Amino acid sequence: MAQGFMIPELPELMETAVFNDELSRERRARLAAERLLEQKQAELKNANRKLSQHALSLSDQIVDQRKVVAELEGQNSQVHEDLEKANVKVTEVERLLWDALESIPDGFALFDKDLKLIAANHPYLSVIDHAEHVGPGVSYESILDLCLEEGLVDLEGKDEDEWYDFMLDRWAAPNIEPVTLRFWNGMYVKLVDRRTADGGIVSLALNITDTIRREDELRDARDKAQAADRAKSSFLARMSHELRTPMNGVVGMAELLMANDLDEESTLYASTIKGSGEALLEIINDVLDFSKIEADKIELKPVPFDLERVVQEVALIVEPTVQQKQITLDVDYDQFLPTTFVGDRGRLRQILTNLVGNAVKFTDQGHVLIRVVGLPLENDEFQLHITVEDTGIGIDEDMVDHIFGEFNQVEDQANRKFEGTGLGLAITRRLVEHMGGEVWIDSVKGEGSAFGFMLTLPLAKDSRDDETQLPEHLQHILLAGPKSVDQSVLARQIRLLGRSTQSVETLDAALEIIEESPPDLVILSQPKPIDGTPDPVETLRSAAPDLPVILMPSSPGQADESNHPYILRKPILRHDLFSVLLTASGKTPTNSEAPEPPETDRTLQVLAAEDNKTNQLVFRKMLKDIELDLKIVGNGREAVDAFSAHRPDMIFMDISMPEMDGMEATNAIRALERKSGFEAVPIIAMTAHAVDGDEARIREAGVDHYLTKPLKREAIHKLIHALTPPDLSGTAAPRKALSEEG
Ligand code: ADP
């Protein structure tokens, strides 16, 4: 068999083996490829399955989203619809708003934070001439420029730059102040501007032309009414002067008549004429004053004045009545209170005169006391409390309000005998209230009354108290005399000066003390001997020749000045007390030690200006007891001429005179004096109370003293005595007349 087969040759064998290898490698490769195919097919299948699953879920999502989209589409159209509605509404509201803004006569504009116009209504733009250039986006600055270029606004004195800056600065302020502009067409516009939350500006331009016109009309009407009122007031003043002038003549003549040797009956007639005349003058004064207050014509004229002096002057005015009635009048001015304040001196004196006059009128026994105290406030002001106490008839509690009314009096038995208009307290209260104060009253029927008022006044700048000290050796002061309010006021004032006092009522008691422990000074308040008793002054002098004695007469005639150099007159002025203590204790030369005035042949020269012939006569007669040269002229012009021709020692000057009144004449005389370097001549104004009642005004003209009509002989004599130059006081003519007055 083996022979059947041909045994291949080796190369052949080798070839077959390669072929087989090849074949099996191919079979293996095919198998591997087949396996890979299967695997890939499986993967593909798997992927297909996943894909179809995904496709399924995608289609689900698409379905869902379609639903959402459908829903959203529904909503969107709703929103769209709503938006459209809202837009319509907004447009409508905007239209309504602008219709409203256009229909108001006032302008309205809105600016953004860069001050560019957002919108403005027609009235706002109408005042601007070329308003077509002004629209949204235009800046505030260019509107201002336009106003200036076209001359649309009255710049009221400002120059263009100033006005421009002012208008710009206004809007920069935190709170924009309204401003009123006057436009070229006469229109007045008030700009009221506010800043909005986003920094813009809302500007309202209010047309206030009508209001301004009405204000002008009202001002015109008021001016006319005031002019009419002034005319009425000057008519009242004129009438009062006309009524008063003859009345002053009547009263003055009656006074002169009474100085003659009249029998009892004629004296009665003359005193009745005088009394009635004075009462009538008082009524005229009251009525005029009241009508002035009613017409709000009372204008306060605050000037620096000495309050203590005013109180003393008032006390002097009522002194004659006080003496007649045998009552006492005391002044207690707080030792620590300054005396110079700023206020209406004349009106304050009027208030005090009313209260003190009433107190004296309604008191028949006892005393009247004027008390002044004060509390310092801030800013150099003082709250002053001024009280007038009396021990008179008093007032029923239920009448207290009544008496402050116009023309109101207490109508009862005790009151019936007193005259009056019932206007005094009404005037007093109104004046005090006009000065910002208040009046009060405290009264017990049958026991007395206390009327007071409280007032705040600033201290005058020059109100510095005297720094001088009393001498050391003056420590103990003896007060001798009957007990009185005056005595206790005096004791208190001395103690406040740091000195001790002792009071005794009788001369014997005083002598006893002088012997046991001598005082450094005595103040004697009963200097005249009472019938049958020794002369107190003489007795003291012989008991202690070196002891200084000050006399305090209770009435002017009680002490003879020529014998007693140290006199303390009532009411006790702090300044007077201080200086008499100084002179009596030897700190300054006393009057008696003063060098004698040189002898002179010259006579006192007095010039008087008075237009009314009766008053001229009254004045001349009142001065007839005094040795002097009196020249009377009829008006201010003649007074100035007479002054230039021959300088007098003093001038009495009526205030109301034709051609040139007393104030003008005084001014002219003062000017002449300044020009020529002359010393100022004393000028005494003579004036009626209500017409020329403004004392401050008269004093401003350069008047030194002030007398109210009807003139009183005693007051004139006192002034002449006080104003006589030292080189003439030796002639003693006025002094003689004074002591005769006693
Ligand atoms: P007149 O004194 O002119 O009557 P007033 O207005 O001054 O007017 O006073 C009104 C009234 O008040 C007086 O009539 C009097 O009845 C009463 N009266 C005023 N002051 C006093 C006083 N000090 N004491 C008692 N009554 C007084």
Side-chain angles (χ1 to χ4, degrees), residues 12-104 107-122 124-125 131-143 171-172 174 176 193-204:
E12 256 180 48
L13 274 175
M14 276 183 71
E15 235 176 72
T16 309
V18 169
F19 179 75
N20 281 345
D21 277 353
E22 192 99 348
L23 206 65
S24 69
R25 203 165 45 243
E26 267 179 22
R27 198 171 52 234
R28 273 199 309 273
R30 201 186 63 232
L31 278 175
E34 275 171 7
R35 264 199 311 276
L36 188 66
L37 182 69
E38 265 170 29
Q39 194 186 338
K40 289 290 168 199
Q41 271 174 346
E43 274 178 14
L44 190 67
K45 199 173 165 195
N46 209 14
N48 269 342
R49 194 171 44 82
K50 272 191 185 159
L51 200 66
S52 67
Q53 268 174 1
H54 189 65
L56 259 177
S57 98
L58 263 183
S59 83
D60 282 354
Q61 270 183 26
I62 287 169
V63 171
D64 284 352
Q65 274 177 357
R66 275 211 184 115
K67 268 191 207 151
V68 170
V69 167
E71 242 169 61
L72 280 178
E73 262 177 0
Q75 278 179 11
N76 200 16
S77 63
Q78 182 63 41
V79 167
H80 206 258
E81 216 171 285
D82 288 351
L83 199 65
E84 231 160 53
K85 275 189 203 156
N87 270 337
V88 170
K89 259 221 154 65
V90 166
T91 319
E92 196 177 338
V93 167
E94 199 179 349
R95 190 180 53 77
L96 280 175
L97 182 66
W98 277 105
D99 280 355
L101 288 173
E102 287 295 347
S103 68
I104 56 169
F108 171 89
L110 191 59
F111 291 80
D112 67 14
K113 66 177 182 357
D114 299 320
L115 305 190
K116 296 233 171 7
L117 184 66
I118 297 174
N121 68 355
H122 180 70
Y124 191 91
L125 299 175
E132 64 274 13
H133 301 307
V134 180
V138 165
S139 69
Y140 176 57
E141 285 96 332
S142 24
I143 298 181
W171 275 16
I176 308 170
D193 308 316
R194 288 280 175 282
R195 185 160 293 106
T196 59
D198 61 357
I201 300 273
V202 178
S203 180
L204 274 182

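What you are looking at is a predicted structure, and each value in this text was computed from that prediction instead of being measured.
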Between [Y] and [X], does any NZ, NE, NH1 or NH2 come within less than 4.0 Å of an OD or OE carboxylate oxygen?
X	Y	answer
Glu43	Lys40	yes
Glu26	Arg30	no
Arg35	Glu38	no

For this session: In sequence, state the C-alpha distance, the side-chain angles, and the governing distance for Val202 and Asp193, and then conclude on side-chain contact (heavy atoms from CB on, under 4.5 Å).
Result: CA-CA 6 Å; Val202 178; Asp193 308 316; over 6 Å; no
With rounding to the nearest 0.5 angstrom, report the [atom1] to [atom2] distance, [X] to [Y].
X	Y	atom1	atom2	result
Ile176	Arg194	CD1	CZ	7.5 Å
Leu204	Asn121	CG	CG	9.0 Å
Gln61	Leu56	CD	CG	12.0 Å
Asp114	Glu141	CG	CD	10.0 Å
Lys89	Asp82	NZ	CG	11.0 Å
Ser203	Phe108	OG	CZ	9.0 Å

For this session: For residues 94-103, pull every pair meeting side-chain hydrogen bond (donor to acceptor under 3.5 Å, both in side chains), keeping only residues two or more places apart or in separate chains.
Result: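 Sorted result for residues 94-103: Arg95-Asp99.
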Problem set entry | Thr91 (side chain) donor-acceptor with Asn87 (main chain) under 3.5 angstrom |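 Yes; judged by distance alone, with no hydrogens or angles, the pair exists.
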Exercise. Do the non-hydrogen side-chain atoms of Val18 and Glu15 ever get within less than 4.5 Å of each other?
Worked result: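 With C-beta onward as the side chain, the pair stays apart.
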For this session: Apply the test side-chain contact (heavy atoms from CB on, under 4.5 Å) to residues Leu36 and Gln39: give CA-CA distance (whole Å), side-chain angles for both, the deciding distance (0.1 Å), then the verdict.
Result: CA-CA 5 Å; Leu36 188 66; Gln39 194 186 338; 4.0 Å; yes
Exercise. What is the ring orientation for Phe111 with Trp171, classed by angle as parallel under 30°, tilted 30 to 60°, or perpendicular over 60°?
Worked result: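 The arrangement is perpendicular - the two ring planes meet at more than 60°.
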Exercise. So among Leu117, Leu115, Thr196, which one has a side chain to side chain contact (heavy atoms under 4.5 Å, CB included) with Ile201?
Worked result: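 Between Ile201 and the candidates, side chain to side chain contact (heavy atoms under 4.5 Å, CB included) is satisfied uniquely by Leu115.
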